[in-house]
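Here's the structure we're looking at; comments come further down.
In what follows, chains carry the letters A, B, and so on, assigned in the order in which the sequence lines appear, proteins first and then strands, with residues in each chain numbered from 1. Basis for what follows: all heavy atoms, side chains included, without hydrogens, waters or symmetry-related copies.
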Number of protein chains: 2
Amino acid sequence: MPAHRTARERARAELTAEIKDEARRQLADKGANGLSLRAVARELGMVSSALYRYFPSRDELLTALIVDAYNVLGDTLDKASAGGGSPAERWRAAANALRTWAHTHPHEYALLYGTPVPGYRAPHDTIAPGGRVPGAFLRIAHDAWHAGGAATDDQLDETLRGQARTIAEALGLGDLPDAVVLRAVDAWTQLFGTVALEFTGQFANTLDPADAYFARAVELQLRTAGLG
Amino acid sequence: MPAHRTARERARAELTAEIKDEARRQLADKGANGLSLRAVARELGMVSSALYRYFPSRDELLTALIVDAYNVLGDTLDKASAGGGSPAERWRAAANALRTWAHTHPHEYALLYGTPVPGYRAPHDTIAPGGRVPGAFLRIAHDAWHAGGAATDDQLDETLRGQARTIAEALGLGDLPDAVVLRAVDAWTQLFGTVALEFTGQFANTLDPADAYFARAVELQLRTAGLG
DNA sequence: TCTGAATCGAGAGCGCTGCTCTCGTTTACA
DNA sequence: TGTAAACGAGAGCAGCGCTCTCGATTCAGA
């Protein structure tokens, strides 16, 4: 945050932050569907139309919240996986952190990974911060490969190779072999699937509570990613 | 559908179906968020309050649509996996059918597997039809085990064993060993994770288009489920 | 230091929503 | 045939996102 030249700029930055804070509070409380611009304005003691000086629409406010949430989740995973230990330990820690975050921030999680409403979501601003989440896991795989570099010789289609390169380079892990990237992605999809299924209630009456199954799933991810 | 005794009952059943049809049309068009009771009523040439004689609330209408969508998807998967061929071939067919359905029915898919809004979703009526989807895949694993019964001796926690039993029995596959059930569930979570990530746009700029990666993921599922 | 332009908050208003309540009519059943 | 239940129409309530206008404040250049 740079120092703001004029009082007006400072006030604007502060109010923008306050709006987001209040919106985040209501999001956590009522969910994205229950987030109302008028209610936010009311709580801040202003009139609803004034809010449009700061966010041009409800969707733009939500997009800002999405970006923030991705970053908070990204920080959480970075911190969880930064602790020492083997790559396997770090993956376990990050995976559990993801699941815990989803449980403690259900509405935020739903905002990030729930109803996509094709066409709406994925304004460009969200793609980069959204990539931090799988990125945290790929980075663990990267460190593991650097340390113990197991040889891999998967047969890979050209399309996949190219996509693996794109992923690795976007994360600054350009030296990671395609096969290792893809195996880590495989493990990430497993992790995501487990969390998403539990979270959307698909485990109700069967795998619920899912602690035991989640632990099992994480071990499978480790084998998939070659961290076992 | 039993024959209806009175004209009123017949009319009620017909109108209920017409409401659901129109609602389904709007859902497919505008998404769950854009589904409006008033618009449905308008399209049907009735006044909005009359609609409440048939569905007590918007959520109840959505729940009815959810149940229907689960059943349609369940039928689709059953049909896809009913074709002959090896278990592996059937799993591939069903997995592709799931992905295709998600692409051709994005709003329905989002309704089933998108934002859960903790507390709202999972009214009891949706649990059973929702189970048909993983059920279709577990059934393939069941048939494969019956045919070629590979021995499995995974070490399993008591909780997991119990949950595996619950799952198997709910699907009428009580003879399936716990380890086989859980491996099939593992594969299902992988499949679900892949579809969900692609669908929520998390593959944007990386694995998009995801056809090649999806094919790879399905092969991994086969190995996980022991159908390889 | 003064002035024109940009920025701001307040307020009224539009069209939409889910939902409730009342009222006159139609249908079903005893 | 009469009573009760079921029904559709209509008015209305409170809320929503968003737009537009208007007077006040603040900023920047002459």
Practice task
Could you state the atom-to-atom distance from CZ of B:R58 to P of C:dT20 in whole Å?
Solution key: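 Those two atoms, CZ and P, are 15 Å apart.
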
Handout entry: Strand contacts (DNA chain D) in residues 34-42 of chain B, 4.0 angstrom heavy-atom criterion
Key =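 B:R38 - these, ordered by number, are the residues of the stretch whose heavy atoms sit under 4.0 Å from the strand.
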
Practice task
Measure across B:D21 and B:R24 and return the closest heavy-atom pair with its distance rounded to 0.1 Å.
Solution key: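 Shortest heavy-atom contact: OD1-NH2, 2.9 Å.
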
Is [Y] paired with [X] through a side-chain N to carboxylate O contact shorter than 4.0 Å?
X: A:D157; Y: B:R216; result: no
X: A:R12; Y: A:E9; result: no
X: A:R90; Y: A:D143; result: yes
X: B:E198; Y: B:R99; result: yes
X: B:D78; Y: B:R139; result: no

Practice task
Run the ring-centre check on A:F192 versus A:Y113 and record whether the distance is less than 6.0 Å.
Solution key: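 That pair passes the under 6.0 Å test.
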
Problem - Contact interval (first through last nucleotide) of DNA chain D with protein chain A, 4.0 Å heavy-atom - result: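 In short, chain A contacts DNA chain D from D:dC16 to D:dA28.
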
Handout entry: Single hit among A:T63, A:D59, A:L65 for side-chain contact (heavy atoms from CB on, under 4.5 Å) with A:L61
Key = A:L65

Handout entry: N/O donor-acceptor pair, side chain A:R12 with base C:dT7, under 3.5 angstrom
Key = no

Practice task
Please work out which residues in residues 44-57 of chain A have a non-hydrogen atom less than 4.0 Å from an atom of DNA chain C and list them by number.
Solution key: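 Of all residues in residues 44-57 of chain A, the ones placing a heavy atom under 4.0 Å from DNA chain C are A:M46, A:V47, A:S49, A:A50, A:R53, A:Y54.
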
Exercise for the section: Fit a plane to each ring of A:W101 and A:H105, take the angle between them on a 0 to 90° scale, and name the class: parallel (under 30°), tilted (30 to 60°) or perpendicular (over 60°). Expected result: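 A:W101 vs A:H105 ring planes: parallel.
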
Practice task
Mind checking A:L61 for me? I need base, sugar-phosphate or nothing, with any heavy atom below 4.0 Å counting as a touch.
Solution key: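 No contact at all - A:L61 keeps every heavy atom at 4.0 Å or more from the nucleic acid.
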
Exercise for the section: Verify the distance criterion only: is there a donor paired with an acceptor across the side chains of A:Y213 and A:D208 at less than 3.5 Å? Expected result: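 Absent: no donor and acceptor within the cut-off.
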
